Amino acid sequence: MRFISIILNSLKTPDDQKLDWYGWVTNQTGHFTLGVIITAIALQLLPIHFAILPALVFAGAKESIDLYRNSSFKDSLIDWIFQGVGGIFSIVFFVKNFDLLNLTISSFLVFLVFGVIPRIRRAFRNGRNFNP
């Protein structure tokens with residue numbers, strides 16, 4: 001039981017992974033996936049025009065709690081954006097617009113690259129190597 005409580009406490013602690021590019025990528029991929037899952041469920045229950053709202057409300061509530069726990073506004077906003085992009089991916093996949101699907105995936109990857117580059121630079125400046 002102690003092992004589970006350690007994991008849950010770690011998940012409740014906000015972190016923007018300033019020196020850990022791999023941790024940041026997995027974190028943002030998790031936010032993206034959460035947006036996909038919540039929106040996919042909402043698509044079954046709500047009209048398509050409102051399906052992204054549960055993902056955005058959940059992300060807003062979760063990031064508000066993180067802000068209360070001393071997270072940075074920038075980190076919370078980025079997490080919220082990644083969850084929103086995941087929600088957009090779900091909607092675009094549902095309507096089978098593959099041009100927009102490619103655009104959504106491309107924007108997700110570009111956002112990841114823009115977050116990875118500064119973390120790799122900081123890690124090298126602080127004497128860490130590239131490997132996670």
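Residues: numbered from 1 along the sequence shown. Just so it is clear, the structure is predicted and the values come from calculations on it, not from any experiment.
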Heavy atoms, side chains only, cut-off 4.5 Å: are Gln83 and Phe58 in contact? yes

Does atom CZ of Phe108 have more than 12 heavy-atom neighbours, drawn from other residues, nucleotides or ligands, at distances under 6.0 Å? yes

Taking all non-hydrogen atoms of both residues into account, name the closest pair between Thr26 and Gly23 and its distance. OG1-O, 3.0 Å

Supply the atom-to-atom distance Ile81 CD1 to Gln28 CD, rounded to the nearest 0.5 angstrom. 9.5 Å

Heavy-atom pair with the smallest gap, counting every atom of Ala51 and Ala42: O-CB, 3.3 Å

Can you confirm whether Asp66 sits close enough to Glu63 that some side-chain heavy atom of one is under 4.5 Å from a side-chain heavy atom of the other? yes

Let me check something: do Ile120 and Leu109 share a hydrophobic cluster, defined by ILVMFWY side-chain heavy atoms less than 4.5 Å apart, either directly or through other members? yes

What distance do Asn97 atom CG and Ile91 atom CD1 have between them, rounded to the nearest 0.5 Å? 12.0 Å

Under 3.5 Å: donor-acceptor pair, side chain of Thr39, backbone of Val36: no

How far does CD1 of Ile78 sit from NE2 of His31, to the nearest 0.5 angstrom? 10.5 Å

First locate atom CZ of Phe89, then atom CG of Leu103, and finally report the distance between them rounded to the nearest 0.5 Å. 12.0 Å

Are Phe114 and Val116 joined in one hydrophobic group, where the rule is that I, L, V, M, F, W and Y side chains link up if heavy atoms are under 4.5 Å apart? no

How far does CZ of Arg69 sit from CD1 of Ile65, to the nearest 0.5 angstrom? 6.0 Å

Is the closest side-chain heavy-atom distance between Ile38 and Ile52 below 4.5 Å? no

N/O donor-acceptor pair under 3.5 Å between Ser90 side chain and Gly87 backbone: no

Would you call Leu112 and Phe32 a side-chain contact if the rule is heavy atoms closer than 4.5 Å? no

Check whether more than 12 heavy atoms from other residues, nucleotides or ligands sit under 6.0 Å from atom CH2 of Trp80, and answer yes or no. no

Is it the case that one hydrophobic cluster holds both Trp21 and Val113, taking links as side-chain heavy atoms less than 4.5 Å apart, direct or via other members? no

With the side chain counted from C-beta on, respond yes when Ile88 and Ser107 share a heavy-atom pair under 4.5 Å apart, and no when they do not. no

Transitively linked via ILVMFWY side-chain contacts under 4.5 Å: Leu53 with Val85? no

Shortest non-hydrogen separation from Ser76 to Leu67 and the atoms involved: OG-CG, 3.6 Å

Test of understanding: clusters of I, L, V, M, F, W, Y form through side-chain heavy atoms closer than 4.5 Å, transitively. Do Leu46 and Val95 belong to the same one? no

Between the CZ atom in Phe94 and the CG atom in Leu101, the distance rounded to the nearest 0.5 Å is 14.0 Å

With side chains defined as the heavy atoms from C-beta onward, is the minimum distance between Pro47 and Phe50 less than 4.5 Å? yes

